[in-house]
Every structure is written in structure tokens, then in C-alpha cells.
Amino acid sequence: MNICVVGVGYVGLVTGAVFADLGNDVICVDIDEAKIENLNKGIMPIFEPGLKEMVVHNKKDGRLSFTTNLKSGVRESDIIFIGVNTPPKDNGETDLSFVQSVAMGIAEWIDDYKIVVNKSTVPVGTGDLVREIIETNKRKDVDFDVVSNPEFLREGSAIKDTLMPDRIVIGAPSKNVAMKLLELYAVLERPMIITDVHSAEIIKYASNAFLATKISFINMISDLCELANADVNQVAKGMGTDARIGGLFLQPGLGYGGSCFPKDSSSLAHTVRKVGGDSTLLDAVMSINAKRSSQILKKIEKQFASLDGKVFAMLGLAFKPNTDDIRDAKSLEIIESLLKQKAKVRAYDPAAMDKVKKIYPDIVYCQNAYEATEGADAMLLITEWNEFRLLNFEKVLSLMRTPIVFDGRNIYSVRRMKGLGFEYYGMGIGTGE
Ligand code: UDX
Ligand code: UDX
């Protein structure tokens with residue numbers, strides 16, 4: 001099929017690359033000239049395992065191209081995916097201006113029947129809005145349809161998630177239109193949910209908000225465990241083995257960050273209120289998450305009389321492992337507070353240091369975890385990259401000034417760390433006193 005993907009960010013670029021890899025002809029369009037120029041040279045705008053190889057290979061074979069020219073993207077395609085960013089406004093509402101501007105562009109260039117697909121995460125009713133914009137502004141009297149086909153990929157495993165999604169959701173105005181999308185996705189052999197446009201739009205937000213709820217729920221239990229002298233890791237295991245609950249997304253700790261959960265929960269809450277509903281549950285989920293960094297900071301502040309001049313080794317900066325994304329990363333909140341209290345930060349992250357450097361140019365960036373721990377008064381584990389799981393702790397012990405570990409993601413075992421001679425503080429683990 002001939003496909004156009006507008007917006008080559010995390011979602012658009014991965015979607016375009018995978019469609020091309022499946023044999024389609026894909027034109028990726030973006031307004032960012034530098035990004036397009038780089039992609040044409042094989043330079044990726046993001047770090048995502050396997051992406052570069054897939055892009056370079058499909059570009060070389062002529063199935064994938066990059067341009068700033070929306071006209072050619074629209075004219076040469078049967079299906080146009082909108083994958084631009086949908087950032088939050090200050091009140092939590094989703095800013096749809098980029099989606100609207102792409103819809104205006106499509107209206108300008110559309111010259112025969114096209115299917116326009118909203119892949120961006122957009123509030124219920126956006127399909128109607130896109131339809132209205134194109135209908136009102138189209139220059140040629142041609143027909144078109146608007147479909148909602150939300151993306152569920154996770155950063156760090158985006159290619160795998162796109163090739164093997166748990167389900168593909170297609171919200172279409174008619175069976176015939178749904179069939180076109182079905183045809184495109186059939187090769188993946190995954191379960192498909194065919195529904196109306198509004199329901200598909202809500203499925204995406206409801207799924208992300210539900211996962212955020214699971215995380216805040218276990219974090220609420222985590223705080224209880226600390227107060228009641230229990231171990232949240234054991235509680236999560238005990239809960240997760242109930243098939244009705246499931247063990248995934250019950251990892252306690254610093255809470256959720258990233259470009260999706262924070263903005264999608266607040267956008268859904270905003271939509272609920274806008275239509276006259278009650279957003280209490282979502283408000284509580286967000287409020288619990290907003291306090292996660294202060295949970296670890298409280299422990300740190302309790303440990304030291306003053307943080308002035310104290311040195312903290314910070315392991316992990318990205319909002320989660322296997323990505324260089326720092327949007328809403330907990331590391332930033334923690335650095336901010338430590339610096340305000342005149343502490344020194346020695347940070348290491350395998351992928352995200354360049355991005356954090358732009359915000360905090362004056363902290364010390366290290367070559368590896370060991371260098372970060374040199375002379376440190378405490379180590380803070382913020383992002384659970386695999387390479388931090390099996391550190392040589394004898395070496396760490398010899399490098400640190402005082403052997404104290406604050407584990408924001410509970411990746412180490414209390415018993416092992418204490419056995420090695422560390423003072424260890426996890427999240428949601430009672431002290432046993
Ligand atoms: C996506 C979106 O689909 C969002 O709705 C979802 O919640 C998260 O994933 P993401 O891929 O993370 O957003 O966005 P980003 O990495 O910022 O990339 C968006 C791209 O769209 C940028 O390259 C930007 O230059 C481009 N863009 C934006 C356009 O091409 N045209 C515009 O009018 C606006
Ligand atoms: C999420 C959704 O999973 C994906 O379906 C959607 O398309 C985009 O948003 P992503 O933000 O890439 O994906 O990462 P995810 O792996 O879901 O993690 C989100 C955040 O939750 C991270 O900060 C992670 O550290 C945190 N998290 C996750 C927990 O704190 N505990 C958990 O048990 C799981």
C-alpha cells in the first residue's frame with residue numbers, strides 16, 4: 001500500500017519504518033527540516049533499539065523516504081497517518097494545534113479519496129474535528145474518511161510492540177473503511193478490535209490511565225508497607241499472581257514518567273470533567289504519582305543533617321530503561337531538589353546524559369556507574385537499566401565515601417545489600433525495627 005506518515009517522532013518514525021519493513025511504500029513527512037535532513041543521512045532523532053537498522057535498510061531498498069513536502073506525501077498515498085505530538089496545556093487539556101494544522105495541510109492537498117488515520121493520542125471527538133477541518137477547507141471536491149487507530153507502543157521496545165501488539169484497535173466510520181486498515185495490519189496476525197471512532201479514541205486513554213492507576217495503587221500500598229513494616233515487593237508478588245490482577249505494572253518505586261502516562265491521565269481527567277463526569281479517581285492517581293520523588297527525598301534528608309556539599313551518585317536519568325527520553329523523568333525532580341539543597345550530583349545514564357546536560361550543564365556526568373560512585377556519600381538508583389542490576393558491589397563499596405544506597409526502583413535485594421555492608425533503603429520496605 002502507499003502510506004504517508006505525518007510527524008516523525010517516537011510514534012510516527014517507528015510506525016513508518018515498520019510499515020515499510022512489511023513491504024509498503026512509505027513517505028514520512030515532518031516540518032522539522034533538520035530532522036528530515038538527518039534521517040536522509042541515516043541519523044536517527046531518537047534512540048530506539050533496532051530502529052536505525054530498519055530505517056537505513058528500508059530507505060536503501062526504496063520503500064521508505066523522508067520529506068518536508070506534505071503535498072507529495074498526501075498525493076502519493078492512499079492512507080495518511082497523523083502521528084504528530086499532542087502536548088498538554090497547563091490545565092491538562094490536550095493541545096490539538098499540531099493535529100489541526102496537519103488536517104489543514106491535508107485539506108489543501110487532497111486530490112482524490114484518502115483514508116486519514118489519527119495515530120496520535122487524541123481526546124474523544126478529535127476524529128470529528130479532523131473530519132470537519134478537512135471537509136470545510138478541502139480545495140477539491142473529493143471524498144475521504146477519518147479513522148482512529150491508536151498506538152500502544154512503549155519506548156525502548158517500540159519496534160517489537162509495533163510488530164507484535166497485544167491488539168490493534170481500529171475505530172472506523174464503516175465496515176468498508178475498517179477493512180482497508182484490516183488489510184494493512186492482517187500480515188501481523190494479531191487480534192483486532194474493530195469499533196466506532198469515539199470508542200477507539202477512549203480505549204487509548206482508558207488503557208494508559210488504567211496502567212497509571214495500577215502503578216499509583218501499588219505505590220500507595222508501598223507507603224503503607226513502609227509504615228506497617230511490610231515488604232511491598234512481596235505484596236506485589238502476592239497480588240500479581242491473581243490472574244484477575246496480573247503482575248505487570250505493579251512495580252513500586254518512583255512512579256511513572258515519560259511522554260504518555262502523565263499527560264494522558266490529566267487529559268482524560270480534563271475530558272471527564274468537560275463532559276460533566278467525576279474525575280476523582282484519576283485526580284488521586286496523579287496526586288500519588290506527583291509525590292513519589294519526595295518519598296525518596298524524605299529518606300535522603302532524614303539520613304543527612306544537611307545536604308550541603310554531600311555527593312550523590314545518580315544511576316539512571318531516563319524516565320525508564322532503554323530510552324534516552326527524559327520527558328517527565330523523575331531524575332529531573334530529584335536533581336532539582338538536591339541542587340537547591342546545595343548537594344553535588346555525579347550522574348550516569350547509558351543514553352540520556354546529553355539531554356539532561358542541556359538542562360543541568362553543571363552537574364558531573366560520568367563515563368560509567370563506577371565513576372559516578374567515586375567519593376559519593378550515597379548512591380541513588382533512579383532508572384533500572386539492566387547494567388545497574390549486577391554491579392560489582394565490592395568495587396562500589398571501595399569507591400564510595402559512605403556506603404548508602406537509596407534504591408528508587410527496588411532492583412536490589414535488601415538482604416544482599418546489607419550482607420555486602422551497605423546501608424540500604426528501598427521503596428516500600430519496612431526497616432524491620
Ligand atoms: C506521539 C504522539 O502521537 C502523541 O499523541 C502520543 O501521545 C505520544 O506519541 P511523539 O511521537 O512522542 O508523539 O512526538 P514527537 O517525538 O514530539 O514527534 C512529533 C513530530 O511531529 C516532530 O518531529 C514534529 O516536528 C512533527 N510535527 C509537529 C509535524 O511534522 N508537523 C506539525 O505540525 C507538528
Ligand atoms: C506507555 C504505554 O505503556 C504504551 O502502551 C503507550 O503507547 C505509551 O505510554 P511508555 O511511556 O513508553 O509507554 O512506558 P511504560 O513502559 O509504560 O512506562 C511508563 C512509566 O511507568 C515509566 O516511568 C516506568 O518507570 C513506570 N512504571 C511502569 C512503573 O513505575 N511501574 C511499573 O510497574 C511499570
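All ligand and atom numbering here is 1-based and tracks the order in the structure. Atoms considered below: every heavy atom in the structure, side chains included; atoms not considered: hydrogens, waters and symmetry mates.
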- Query: So which heavy atom in the protein is nearest atom 20 (C) of ligand 1, and how far is it from that ligand atom?
  - Reply: D30 OD2, 3.5 Å
- Message: When you compare the side chains of R167 and S207, does any donor N or O come within less than 3.5 Å of an acceptor on the partner?
- Response: yes
- Message: Students should be able to answer this: which protein heavy-atom is nearest to atom 15 (P) of ligand 1, and at what distance?
- Response: G9 CA, 3.8 Å
- Could you say whether the N/O atoms of K263 and ligand 1 ever approach to under 3.5 Å? yes
- Message: Any nitrogen or oxygen of V102 lying under 3.5 Å from a nitrogen or oxygen in ligand 1? Just yes or no.
- Response: no
- Query: How are the rings of F388 and Y348 set to each other: parallel, tilted or perpendicular (split at 30° and 60°)?
  - Reply: perpendicular
- Would you call E201 and K204 a salt bridge, using N to O less than 4.0 angstrom? no
- Note on the structure: So the atoms of ligand 2 within less than 4.0 Å of a heavy atom of Y256 turn out to be 20 (C), 21 (O), 23 (O), 26 (C)
- Message: I'd like to know if E108 and R139 make a salt bridge, using a cut-off of under 4.0 Å between side-chain N and carboxylate O.
- Response: yes
- ligand 1 versus E151, non-hydrogen atoms closer than 4.0 Å: side chain, backbone, both, neither? neither
- Message: Could you check whether any side-chain N or O of S279 sits under 3.5 Å from a backbone N or O of L282, counting only pairs where one atom can act as donor and the other as acceptor?
- Response: no
- Spacing of E48 atom CD and M54 atom CE [to the nearest 0.5 Å]: 11.0 Å
- Mind checking the CG-CD spacing from N38 to E33? Nearest 0.5 Å is all I need. 12.0 Å
- Task: Describe, in one word, how the ring planes of Y185 and F19 are oriented to each other, choosing from parallel (under 30°), tilted (30 to 60°) and perpendicular (over 60°).
- Result: tilted
- Query: Going by atom types only, do S120 and N118 share a side-chain donor-acceptor pair under 3.5 Å?
  - Reply: no
- Query: Which atoms of ligand 2 have any heavy atom of L250 under 4.0 Å away?
  - Reply: 33 (O)
- Task: Give the residue, atom name and distance (to 0.1 Å) of the protein heavy atom nearest atom 3 (O) of ligand 2.
- Result: R154 CG, 3.2 Å
- Message: Check this for me - ligand 2, Q251, N or O atoms closer than 3.5 angstrom, yes or no?
- Response: yes
- For ligand 1, which atoms, with element, lie under 4.0 Å from some heavy atom of K35? 22 (C), 23 (O)
- Top protein contact for atom 6 (C) of ligand 2, by heavy-atom distance: L153 O, 3.4 Å
- Item | Nearest-neighbour protein heavy atom for atom 4 (C) of ligand 2, which is reported as residue plus atom name and distance | F152 O, 3.3 Å
- Nearest heavy atom to atom 12 (O) of ligand 2: which of K214, E155, R327 does it belong to? E155
- Please determine if K357 forms a cation-pi arrangement with Y365, meaning its NZ or CZ atom is less than 6.0 Å from the six-membered ring centre and no more than 45° off the ring axis. yes
- Considering heavy atoms of the protein only, find what lies nearest to atom 30 (O) of ligand 1 and give residue, atom and distance to 0.1 Å. I31 N, 3.1 Å
- Any non-hydrogen atom of G257 lying under 4.0 Å from ligand 2? yes
- Do R389 and N386 pass the side-chain hydrogen bond (donor to acceptor under 3.5 Å, both in side chains) test, and can you show the C-alpha distance, the side-chain angles, and the key distance before you say yes or no? CA-CA 5 Å; R389 289 181 189 270; N386 268 344; 3.1 Å; yes
- Query: So which of L211, I215, T121, T383 gets nearest to atom 27 (N) of ligand 2, if we judge by its closest heavy atom?
  - Reply: I215
- Identity and distance of the protein heavy atom lying nearest atom 21 (O) of ligand 1: G7 CA, 3.4 Å
- Tell me: protein heavy atom nearest atom 1 (C) of ligand 2, and distance? F261 CE2, 3.5 Å
- Near D32 (heavy-atom distance under 4.0 Å), the atoms of ligand 1 are 25 (O)
- Task: May I ask you to decide if D32's main-chain N or O and D30's side chain share a donor-acceptor pair within less than 3.5 Å?
- Result: yes
- Note on the structure: A student comparing K320, M427, K330 should find that the heavy atom closest to atom 10 (P) of ligand 2 comes from K320
- Message: Yes or no: does C260 have any heavy atom under 4.0 Å from an atom of ligand 2?
- Response: yes
- Message: If the cut-off is 4.0 Å to any non-hydrogen atom of K204, which atoms of ligand 2 fall inside it?
- Response: 6 (C), 7 (O)
